2 protein chains.
Amino acid sequence: MNIQFKKGVLELCVLSILKQKNCYGYELVNDISQNITISEGTIYPLLRRMKSDGYVETYLQESQEGPPRKYYALTAQGEQARAALDVEWSSFVEKVNNIVKGGAVVE
Amino acid sequence: MNIQFKKGVLELCVLSILKQKNCYGYELVNDISQNITISEGTIYPLLRRMKSDGYVETYLQESQEGPPRKYYALTAQGEQARAALDVEWSSFVEKVNNIVKGGAVVE
DNA sequence: ATATAGTACCTTGCATTGCAAGGTAGCAGG
DNA sequence: CCTGCTACCTTGCAATGCAAGGTACTATAT
């Protein structure tokens, strides 16, 4: 899997999943990795950035299977960011498609 | 335009255009930028990398409109790389779609 | 008790890529 | 001669993801 492709997109993935349900970091790694491999060394710094940007809020919850889990919940601001990123991504994919499939140049 | 999205994808764009026609660097910047903004500081190092990877070959051609143009032509190896990248990109986009649109987790 | 494996958190250093901002030169028009 | 366009190039920076490490809790097996 081309690592470079993931740049910036994993943020959209995390925000999209958090829209559906609150998650803890380790859970996000496993969920996302079913489609796109993501490592812990990626998710934790990413979640930290999102929190400092006000996109997510956190709370701790005890677990019987290990140490306490840090859950992440999407804020209103985070949802706004998700929607914007989603639009941007779709538009980007379309533009790449324009270039890759045939007539890249408008004439 | 999200800069991060472009990572790795611009290589596919360049290879795709070079499949259709030989181009010089400045021309690629203008062609691609009609869909996705790309700067000269990106294209020239990228073309250098591709050449050192054996994906492209170059030749100079005089111009009446300015200094000589350095044309790039796709090699067989470059075409192989393009095809592989194309497949990888399509697969990646699909996987992102899986995550973003609804059921990310297979259950 | 101790070791192993799974869960769950975290950090540091590195590699890669794209961009801004610069530089060099040729050509044409005023 | 100066400006603007063409066309090439390089250097330093910012952002992101990963590998490889560390810590600690729980459960199971030895």
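Residue numbers begin at 1 in each chain, while the letters A, B, ... track the order of the sequences. Treat the numbers as computed from the prediction; the structure is a model and nothing was measured. Only heavy atoms go into these numbers, but all of them, side chains included; no hydrogens, no water, no symmetry mates.
- B/K70 comes within contact range of the sugar-phosphate backbone alone, with a heavy-atom separation under 4.0 Å but no base atom that close.
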What nitrogen or oxygen pairs link the protein and nucleotides 10-13 of chain D at under 3.5 Å?
from: D/dT10; atom 1: OP2; to: B/R48; atom 2: NE; distance (Å): 3.4
from: D/dT10; atom 1: OP2; to: B/R48; atom 2: NH2; distance (Å): 2.7

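- Among all heavy-atom pairs drawn from A/G54 and A/T75, the shortest one is O-OG1, 2.7 Å.
- Atom-to-atom, CG of B/L12 to P of C/dG18 comes out at 11 Å; the value is rounded to the nearest Å.
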task = Take B/K70 and B/E27 through the salt bridge (charged side-chain N to carboxylate O under 4.0 Å, His left out) test and state the conclusion after the steps.
result = CA-CA 10 Å; B/K70 188 188 271 187; B/E27 186 184 13; over 6 Å; no
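- B/L10 places its CG atom 17 Å from the P atom of C/dT16, with the value rounded to the nearest Å.
- The distance from atom NZ of B/K7 to atom P of C/dT17 is 9 Å, rounded to the nearest whole Å.
- Closest of all the heavy-atom pairs between B/L18 and B/V56 is CD1-CG1, 3.6 Å.
- Among the protein residues, A/K6 comes within range of the sugar-phosphate backbone only, with heavy atoms under 4.0 Å from sugar or phosphate atoms but none that close to a base.
- B/T58 comes within 4.0 angstrom of no nucleic acid atom, judged by non-hydrogen atoms across all strands.
- Atom-to-atom, OH of B/Y24 to P of D/dC8 comes out at 7 Å; the value is rounded to the nearest Å.
- Proximity of a side-chain donor or acceptor of A/T37 to a complementary backbone N or O of A/S33 within less than 3.5 Å is not detected.
- In this structure, CG of A/L60 is placed 9 Å from P of C/dC9, rounded to the nearest angstrom.
- The aromatic rings of A/W89 and B/F5 lie perpendicular to each other, with more than 60° between the two planes, well past the 30° mark.
- Atom CD1 of A/I3 and atom P of D/dA19 are 6 Å apart (whole Å).
- Comment: A/D86 engages B/K101 in a salt bridge, judged by a side-chain N to carboxylate O separation of less than 4.0 angstrom.
- Counting all heavy atoms, side chain and backbone alike, A/C13 lies closest to A/I36 at SG-CD1, 4.5 Å.
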Show me the protein contacts with nucleotides 3-5 of chain C, counting only N or O atoms at under 3.5 Å.
none

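- For B/S39, counting side-chain heavy atoms from C-beta on, the closest listed nucleotide (C/dC19, C/dG18, C/dA8) is C/dC19.
- A straight line from CZ of B/R49 to P of C/dT16 spans 10 Å, rounded to a whole angstrom.
- Side-chain atoms of B/D53 never come within 3.5 Å of backbone atoms of B/Y55 as a donor-acceptor pair (strictly under, hydrogens ignored).
- Distance CG (A/L47) to P (C/dC9): 9 Å, rounded to an integer number of Å.
- Dense packing is recorded around CD of A/E79, with more than 12 heavy atoms of other residues, nucleotides or ligands lying under 6.0 Å away.
- Atom CD of A/E94 is surrounded by 12 or fewer heavy atoms from other residues, nucleotides or ligands within 6.0 Å.
- Which of D/dA15, D/dC18, C/dT16 sits closest to the side chain of B/Q4 comes down to D/dA15.
- Under a 4.0 Å N-O distance rule, the pair A/R69/A/E65 qualifies as a salt bridge.
- The minimum heavy-atom distance linking A/K95 with B/N35 is given by the pair CD-O, 3.2 Å.
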List every contact pair, protein side and nucleotides 24-29 of chain C side both N or O, where the distance is under 3.5 Å.
from: C/dC27; atom 1: O3'; to: B/Q64; atom 2: O; distance (Å): 3.2

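- In the set C/dC10, D/dC18, D/dA7, C/dC10 carries the atom at the smallest distance from any side-chain atom of A/Y72.
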